[in-house]
Amino acid sequence: QTALERSIDPASQSMLEKAENDGIETAWDRYEQQLPQCGFGQLGICCRNCNMGPCRIDPFGEGAKNGICGATADIIVARNLLRMIAAGAAAHSDHARDAVLTFKKMSEGKAGSYGIKDEAKLFSLASEYGISEEGKSREEIASELANALLAEFGKQEGPIQYTRRAPEARLRLWSELGIEPRGIDREIVECMHRTHMGVDNDATHILLQGLRTGLSDGWGGSMIATEIQDVLFGTPEPKKSTVNLGVLVRDKVNVIVHGHEPILSEMIVEAAEDPELLKLAKEKGATGINVAGICCTGNETLMRHGTPIAGTFLQQELAVITGAIEAMVVDVQCVMPALGNLTGCYHTKFISTSPKADFPGTVRMEFHEEKAYETAKEIIKTAVENFPNRNFEKVNIPEEKQDCMVGFSAEAILKALGGTPDPLIGAIAGGAVKGIGAVVGCNNVKIRHNYGHVNLVKELIKNNVLVVTTGCNAIACAEAGLLVPEAAALAGDGLKGVCESLGIPPVLHMGSCVDISRILVLASAIANRLGVDISDLPAAGAAPEWMSEKAVSIGAYVVSSGVFTVLGTAPPVLGSQAVAALLTKGLDGVVGASFAVEPDPFKAANLMLEHIEGKRRALGL
Ligand code: BF8
Ligand code: SF4
């Protein structure tokens, strides 16, 4: 594959060429070394859940039809999928747990670097839990809220409070199906129990637990992470920034924050403005300190501070290959262990900060709330002191950078609409806006970098579908210039008119992947206003280039919440016709939505448009 075949993004293409010249290997090369990938793994029909195995089922029906214990392809595929959902829900929810623990320490005065940035949200979250404000300090309210949120993890019986935000009809459906999540940790543990050898061996029964676990993520872990991060760091509001590798600055100390938790990146952004460190940077020959993000921790600081983003998931290696990164600072999730070897080829310091996550070749600088700012300063200082080690002959920063407008939290969208969803509902009812497309998710070497994201989103807006985006899709859209109000020119006439009158882009950046919970909140606000269920809305979801287990959990909760979702790559379920049929058709009769798999973004857009048209008809629009 040439650089051109690997990515549609010119900045990435030039760094892929540099990688080749520098004799550096990237994920794309390692992907080629993996080919052909294992067919049993792709189909999901190998099991090693006990040590009589590994067992695998012959997909052609000529060899083994059962594992040693008798498990069929249906059972093995369903169990494997359930474990993916459990891992994804665990990742989002454990992130949420840490955010709440920081919030709790803050309320007790044990995390001095953090405070309450959105007081109104603190009070409204507290009131949802029935916590009264009377005679209490903000910190006392925060402490009570922290305890209530922490209890969501260990609860044995539901409901998880924020599921109550869903429309009545949806709640009733979940309850009738027995998939109302009980407690966040309980659902994840139960997945591990059920998939242990000799426990749950009915594919449909297994998958229902998958839906329940997904819901505990979307309306539990992810929603808690979003809300409490808003209280701690502020609820995002529209602002401008820049994206792509060209945001790196040749004569500044470049620090990348990569991973997922704003607990870290917020402090790094602050420490980079410390006068003491700026002075040190000058002494070391740099003109300043430049912090840029990658992946979702980048989305978090982008949304709240307008800190630039250097790239998506598949650009993490390319950023190092510019030769201009003094420190790659990581916490958890989506961090390639390949960065260890790679940073060793340049002067880049690879700094791991989470007590939970380490990688080969890192300098460990563990982050704890009690001395968060001090650690952040230490990290920036390490980067600054590394600046003289940079080999300028090896530096090549692509020119490409794009302006973007970000910060569209559900609150910000409602505010832009004048306080209620009515103008949007009016535009949808009148047909100017056909519906809403939620496009999210990762990059995946199996799909040309950003090709799926950008083409799908362009096709939707061209057809007057307003797009809301999070995660790496949002970064890809920003790189393609779709997150500026001027991108309305690419939209159909109806959507264009709406964007121009509101001064917003046709693609709204709603945040990181845990912020898909913001999309649930927005969808519920619209559905509740109309008195219908989410599954009645002219809306559809897509993850054109997904790769992570978190995306599988997201798929589970988005579909269980009633939103038809198109996946750009097939999950490892095709070894079971029963499971594949359930996911792509059967779920419609259960939760009123299902999945489709379509790698071609133009065809994927058509599937979404047809779905949206169908929902419009059903609503009489
Ligand atoms: O949580 S979209 S590659 S960065 S998993 Fe990872 Fe996927 Fe990017 Fe954010 Ni989300
Ligand atoms: Fe094989 Fe059954 Fe053990 Fe899986 S659980 S490895 S199918 S014997």
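First listed ligand is number 1; within each ligand, the first listed atom is number 1. Keep in mind it's a predicted model, so treat the numbers as computed, not measured.
Minimum heavy-atom separation, I309 to C295: CD1-O, 4.4 Å.
In this pair, Y451 and F602 present their aromatic rings perpendicular. The plane angle is above 60°, beyond the 30 to 60° band.
At the shortest separation from atom 1 (O) of ligand 1 among protein heavy atoms lies H260 NE2, 2.7 Å. The shortest contact between atom 3 (Fe) of ligand 2 and any protein heavy atom is with C50 SG, 2.4 Å. The nearest protein atom to atom 2 (Fe) of ligand 2, hydrogens excluded, is given as C69 SG, 2.3 Å; this is a heavy-atom distance. Remark: minimum distance from atom 1 (Fe) of ligand 2 to any protein heavy atom is reached at C55 SG, 2.3 Å. Of the protein's non-hydrogen atoms, the one nearest atom 4 (Fe) of ligand 2 is C47 SG, 2.3 Å.
By the 4.0 Å N-to-carboxylate-O rule, E190 lies too far from R83 to be salt-bridged with it. Note on R518 versus D230: salt bridge recorded, some NZ/NE/NH1/NH2 to OD/OE distance being below 4.0 Å. Using a 4.0 Å cut-off between a side-chain N of Lys or Arg and a carboxylate O of Asp or Glu, D94 and K356 qualify as a salt bridge.
Using a non-hydrogen distance threshold of 4.0 Å, H196 does not register as a contact of ligand 2. Residue contacts with ligand 1: Q333 is excluded, as none of its non-hydrogen atoms falls under 4.0 Å.
Of all the heavy atoms of R79, the ones lying under 4.0 Å from any atom of ligand 2 belong exclusively to the side chain.
Judged purely by distance below 3.5 Å, without hydrogens or angles, the side chains of H260 and K550 pair a donor atom with an acceptor atom.
In this structure, R56 is positioned above the aromatic face of F40, its NZ or CZ under 6.0 Å from the six-membered ring centre and within 45° of the axis.
Distances below 4.0 Å separate heavy atoms of G53 from the following atoms of ligand 2: 6 (S). Ligand 1 places these atoms under 4.0 Å from at least one heavy atom of M547: 3 (S). In summary, the atoms of ligand 2 found under 4.0 Å from a heavy atom of M197, numbered by their order in the structure, are 5 (S).
Listed for the Q316 side chain is a donor-acceptor partner under 3.5 Å among the backbone atoms of C334.
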Between S7 and Q13, is the side chain to side chain donor-acceptor pair (under 3.5 Å) condition met? List the steps.
CA-CA 6 Å; S7 175; Q13 289 163 1; 5.2 Å; no
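Annotation: the span from I294 atom CD1 to S265 atom OG amounts to 13.0 Å, rounded to 0.5 Å.
Here 1 is the count of protein N, O or S atoms positioned under 2.8 Å from atom 8 (Fe) of ligand 1, waters not counted.
Screening D9, N244, N443 for a side-chain hydrogen bond (donor to acceptor under 3.5 Å, both in side chains) involving T312 leaves a single residue, N443.
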